[in-house]
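Following: one structure in structure tokens, then a few remarks.
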Protein chains: 2
Amino acid sequence: MSGDTKDKGINRRKLLGTTAAVGVAGAAMGAGVSQLVVPAEAQTRQQPGQQARPGQQSYEVKPGELDEYYTFFSSGQSGEIRIYGLPSMRELIRVPVFNRDSATGWGQTNESLKVLTEGLTEDSKEYLRRIGKVTYDSGDLHHPHLSFTDGTYDGRYLFANDKLNTRVCRIRLDVMRCDKIIQLPNQHTVHGLRVQKYPRTGYVFCNGEDRVPVPNDGRDLDKPENYRSIFTAVDGDTMKVAWQIIVDGNLDNVDADYQGKYAFATCYNSEGGVTLADMMAAEQDWVVIFNLKRIEEAVKRGDYKEIGGVPVLEGGKGSPFTRYVPVPNSPHGINTAPDGIHVVANGKLSPTATVFDVRKFDDLFEDKIQPRETVVAEPELGLGPLHTAFDNKGNAYTTLFIDSQVCKWNIEAAKRAFRGEKANYLIQKLDVHYQPGHNHTSMGQTKEADGKWLISLNKFSKDRFLNVGPLKPENDQLIDISGDRMRLVHDGPSYAEPHDATIVHRSKINPVHRFSRDDPFFADAVRQAQADGVDLTADSKVVRDGEKVRVYMTSMAPQFGLEEFRVRQGEEVTVYVTNIDDVEDLTHGFAIINYGISMEVPPQATASVTFRAERPGVYWYFCTWFCHAMHMEMKGRMLVEAQST
Amino acid sequence: MSGDTKDKGINRRKLLGTTAAVGVAGAAMGAGVSQLVVPAEAQTRQQPGQQARPGQQSYEVKPGELDEYYTFFSSGQSGEIRIYGLPSMRELIRVPVFNRDSATGWGQTNESLKVLTEGLTEDSKEYLRRIGKVTYDSGDLHHPHLSFTDGTYDGRYLFANDKLNTRVCRIRLDVMRCDKIIQLPNQHTVHGLRVQKYPRTGYVFCNGEDRVPVPNDGRDLDKPENYRSIFTAVDGDTMKVAWQIIVDGNLDNVDADYQGKYAFATCYNSEGGVTLADMMAAEQDWVVIFNLKRIEEAVKRGDYKEIGGVPVLEGGKGSPFTRYVPVPNSPHGINTAPDGIHVVANGKLSPTATVFDVRKFDDLFEDKIQPRETVVAEPELGLGPLHTAFDNKGNAYTTLFIDSQVCKWNIEAAKRAFRGEKANYLIQKLDVHYQPGHNHTSMGQTKEADGKWLISLNKFSKDRFLNVGPLKPENDQLIDISGDRMRLVHDGPSYAEPHDATIVHRSKINPVHRFSRDDPFFADAVRQAQADGVDLTADSKVVRDGEKVRVYMTSMAPQFGLEEFRVRQGEEVTVYVTNIDDVEDLTHGFAIINYGISMEVPPQATASVTFRAERPGVYWYFCTWFCHAMHMEMKGRMLVEAQST
């Protein structure tokens, strides 16, 4: 049975084989094919109690009304997290992470620099020191996923990866700030990232995509056969590496089950190639399944090598920790259904998706069944299946990159077809604009999937928006899936790149309006002030400490605690600003003209910045966040005495 | 008459006087007062031929439809330009300017670094060298304004200011990239910025806000009486300083007439104070008017001092180049009406706006009339008037910061009231949410104002959106002004800070889809390649030049021209990537893992980045812009030989 399906895959794959490198370029750019409708034999009934008429939801959120969902978008190479409201698809806030942010001073304040630097590997610290930097200025943030407790979001954290510099970040959802960044040793890039769903997060699973020598110190440059790729589990509570495991092939995407027993990743380049032609040579790659309990036990009993300061296990083919299940060439996304049973790996270069039943994984690891016996369906969906999302009615929604469509299909029907029964699993194909990558349904990555909305994150927008020059926006399209048929309701342009997203009901998220004075984010500033005998919320004064000058000031609209301070040219100056306004939304900023210093100070928080006063003269500082009718007058003078005087 | 009006202003001003520093904080944060409606006695009739029913316009732009207007938003302390579609209020693209941008490599590529560095003052270059940097990483972009020809937009350029580091930028509207940045010598910050409207731009007028010693080299730190503020005219074609003129008081906002004769700026702090209390002491400040012809003639005949390499004139009170017109305390915005006649200065700490008739300025400079005789109206509008926008029917729309309202009023009626006639100039007050700063009407800053849309850029959003933690978005609200009454149709959250905006009909803007190979933006790369005998669009090769290595490669989905290149640890490497795909929207990126290198390469463009290969090992580079079904496989290896080998 699975043999038949595989053969079908291979036939279709010829179209997408080695010649695809040339041919697909044209196809990918062509207009989407016209909408294909397949009678739905497996549509299930509406849930009772839904608010809007099924299939007739509006994306409009009228002035003063609130969105029903938060959507956490990654931004790809922009390096930040973006929080949108859904269904309005309005960007509510940006959270700087791997990028530098001019507005908040992310990458300039001492508080952000601590987050950006303390988790770097020693190798990276040495590299950065040699080139005269303290941290990276850019990143490539791909997969934002929230912490779980018992199979659904618990509102504590969001985790995401940096494909550029092999980092993982954590965002605190109470204050919507990044509080930890860790760089993974040994591993070369993090691509796929997902979290443990049960009993809680727990682990953050991080796919190492590229293969390099381990350690990567100049050895084996020309011996690709010695290159290794690595899968890492980070402890989400401590943001330390729990363990790493070496695998075969390039890891792509990852997901986890609802029992806390397994994680599983798609792999491409099972060939171990280092050129495009090599990477596409084989007709099959695989999904690798990780047995968490076995790995934990091995780590516990010390059955690992320590490399780069972390425990590393061997997980190649034949290892007790992993199983490799053959799937058609170059699978991409892998997604666990809300039923807790089915896992869908998407074919990319095969027109198929491969459906696993996680209940069979115990037997697989016990060697009671063969790897392909964990496969329960392999429906043919269209060209370039990349990712699959789910509703609460047993349906799946798969993006077709090359066809520029979303395909709605039914899992149970696909299983029947796979068993040889007559069953039409395709329900509807909807054109999207254009070339979709990730897609997401409301709450669809949890056991509380609600089947209301789908977003398709399309890589090209072409002519869908006013022309803004050579660089076009991406297009995040909003699709109503509450009815029998998908209905496109909104085109959402978006700056590079809406790589991935998570749609979370607003009831799950409960941020604060102001910082608590004992927040760890600025604890270093509080400690330093105490050592200097300064009450940050009351005192504004200058403390001299040899060549170092610490300037403490409060901010309360429309005045800083100091209207001037004086330093000598060349001194190292740290300015601590404490926003003592207790009003919701009353953020202050602190910027020094012609010094390039600019930072944000949220209500009840302290922020600090350190610089050398290498420029003599009068330099006005001012509040950058409009705070008051006399905001323009909220300023003061830094007087820098010339070295010669 | 004007005396009466002034007295009224003073009475009201008491409310906002020295005690306001404390009192307004609470008022500013209070809920907006309920909507006030004043019968319109001066409403004019609808223009024929409008598409939508007046007062019934929808902001919805359905999937696949295009917006009618481009809106160019500044981003305040975010340092970038944002281009939105209107009425949909969707962000179409970001244009990095004074910020660093992780996605495009702005601030990292050689092409962007040239823009960011070559216009810096020698002082700044020296300062940056001392602190180990080549440019600033942040900015505070306030006022984006497009180039004019004959009183309306000509689609060539957008200019904007950096309040943080005293810079002015120019964006090319054909490719939507910043191509020039100039830092102004002598001047301390640029705040207000507007352009010459007639015969063309021409001049970019730049307000120096803060007063400092000139030169600002450590002298006169404690002699504020020697501090000076400066007004600069930049030549928009060459992006060089045409002239500077020293003035009295802190310059705030600026605008120009439709005859090419005058520019005019609001001034606060006529007191020359350096503390908040001093700055608010006087009951009047002024509007300063600049006589462009007289200044040009003086420059021509050499009647200036050269300071910091540019001609500087004296324009204080009594100068032939300027006139100072007293207006109530701390005026803020100044806006020229599309009728080419009226100029409105907004009172901020006075509840009034002051209306000038530019036709009287000739007589003022000939000393035939007194300064206040140029004032033709001074309507009382409400608390905290900041900026005024205009429709095509003689109406003005003024933001009231403290009242959290937009006030619609009629200019002719206000003039009649000022002459002592019985005339009700107030038409409607509309609550906005909350604390509006700038506002703008569609095409309202040109002679082609069309009276369709108004946006109110509100500084606080508070509870208008899902809570995203201590830092809230601003709120750009869209208001339909096509009917008799203003109607709020959409709340638009926006990241710090929608400081200012310009709404431009799409017929005025005509960007290209791809770069021309002879584009000056990457001409240095083309020259270097020619010197190396490399055809950028065809060759992929490595050129060694002593300790320098130049790596040339093409990019065409899904392959780079080189699948590997080899360098030695410590070498200075420049990678030039040329995107030879000729397909609309097919952007490539180039990033090197764990090296922090990431840049964008638009269709038919070349981009380059220089770094030191200080880290031995295998480092994969990859394409960051999703370009193809095999985008993930679009990669190669940088092999860095360890120094010891």
Side-chain angles (χ1 to χ4, degrees), chain A residues 24-25 29 63 77-79 85 90 92-94 99-100 102-103 127 130 136 138 164 175-176 189 210 212 216 218 221 275-276 279 384 459-460 462 465-470 472 488 491 493 495-496 511 557 563 583 585 591 593 596 598 602 614-618 620 624 626 629 633 639 642, chain B residues 24-25 29 63 77-79 85 90 92-94 99-100 102-103 127 130 136 138 164 175-176 189 210 212 216 218 221 275-276 279 384 459-460 462 465-470 472 488 491 493 495-496 511 557 563 583 585 591 593 596 598 602 614-618 620 624 626 629 633 639 642:
Chain A
V24 172
M29 297 309 112
Q77 57 275 45
S78 291
R90 296 173 297 183
L92 301 178
I93 206 79
R94 305 180 189 175
N99 59 325
R100 288 206 61 155
S102 175
Y127 160 66
R130 285 183 183 221
Y136 296 104
S138 39
L164 180 57
V175 292
M176 301 291 182
T189 87
D210 289 309
V212 294
N216 189 20
L221 295 185
T275 66
L276 181 62
M279 290 182 198
K459 304 298 186 178
F460 294 83
K462 293 162 164 286
F465 305 110
L466 287 180
N467 181 12
V468 288
K472 317 288 187 203
L488 175 66
D491 275 23
Y495 190 65
E563 290 197 317
V583 176
D585 198 9
I593 289 166
S598 184
E614 283 290 3
R615 196 167 196 177
V618 176
W620 288 84
T624 44
F626 213 106
E633 290 84 350
L639 306 173
Chain B
V24 172
M29 296 309 113
Q77 57 276 46
S78 291
R90 296 174 295 184
L92 301 177
I93 207 80
R94 306 180 188 175
N99 59 325
R100 288 205 61 153
S102 173
Y127 161 65
R130 284 180 183 224
Y136 297 104
S138 41
L164 180 57
V175 293
M176 302 291 183
T189 85
D210 289 309
V212 294
N216 189 21
L221 295 185
T275 66
L276 181 64
M279 290 182 197
K459 304 297 188 178
F460 294 83
K462 293 163 165 282
F465 306 111
L466 287 180
N467 181 12
V468 288
K472 317 289 187 201
L488 175 66
D491 275 23
Y495 190 65
E563 290 197 316
V583 176
D585 198 10
I593 290 167
S598 184
E614 283 290 1
R615 194 167 197 178
V618 175
W620 288 85
T624 43
F626 214 107
E633 290 84 351
L639 306 173

Check: Does any N or O in the side chain of A/N467 come within less than 3.5 Å of the main-chain N or O of B/P511, such that one atom is a donor and the other an acceptor?
Finding: yes

Margin query: Heavy-atom pairs under 4.5 Å with chain B - which of A/T275, A/T624, A/V468 has more of them than the others?
Written below: A/V468

Next item on the list: Tell me, out of B/R94, B/R90, B/M279, who's got the most heavy-atom pairs with chain A below 4.5 Å.
Entry: B/R94

Next item on the list: Over all heavy atoms of both residues, which pair between A/P63 and B/D491 is shortest? Give the atoms and the distance, please.
Entry: CB-OD1, 3.5 Å

Checklist line | Residue selection (most heavy-atom pairs with chain A, distance under 4.5 Å) from B/V175, B/L92, B/T189, B/N99 | finding: B/L92

Next item on the list: Tell me, for B/P602 versus chain A, whether the close heavy atoms (under 4.5 Å) come from the side chain, the backbone, both or neither.
Entry: side chain

Next item on the list: Go through the structure and list residues passing salt bridge (charged side-chain N to carboxylate O under 4.0 Å, His left out) with B/E614, not counting sequence neighbours.
Entry: A/R130, B/R612

Notebook entry, point to check: Nearest heavy-atom pair of B/E633 and A/L276: which atoms, and what distance?
Noted result: CB-CD1, 3.4 Å

Check: Which pair of heavy atoms, one from B/L164 and one from A/S598, lies closest together, and at what distance?
Finding: CD2-CB, 3.8 Å

Checklist line | Heavy-atom closest contact (B/G617 atom, A/N216 atom, distance) | finding: CA-OD1, 3.3 Å

Margin query: Tell me which of these, B/A496, B/A591, B/A103, B/S78, has more heavy-atom pairs under 4.5 Å with chain A than the rest.
Written below: B/A103

Next item on the list: Indicate the atoms forming the closest heavy-atom contact of B/V212 with A/V618, along with that distance.
Entry: CG1-O, 3.6 Å

Next item on the list: Please determine, among B/G85, B/P493, B/S138, the option with the most heavy-atom pairs under 4.5 Å with chain A.
Entry: B/P493

Note to self: Donor-acceptor check, side chain of B/D585 to backbone of A/F460, threshold 3.5 angstrom: yes or no?
What the structure shows: no

Margin query: Can you give me the closest heavy-atom contact between A/S102 and B/G79, atom names plus distance?
Written below: OG-N, 4.2 Å

Item checked: Partners passing salt bridge (charged side-chain N to carboxylate O under 4.0 Å, His left out) against B/K459 (at least two apart in sequence or in another chain) -> B/E497

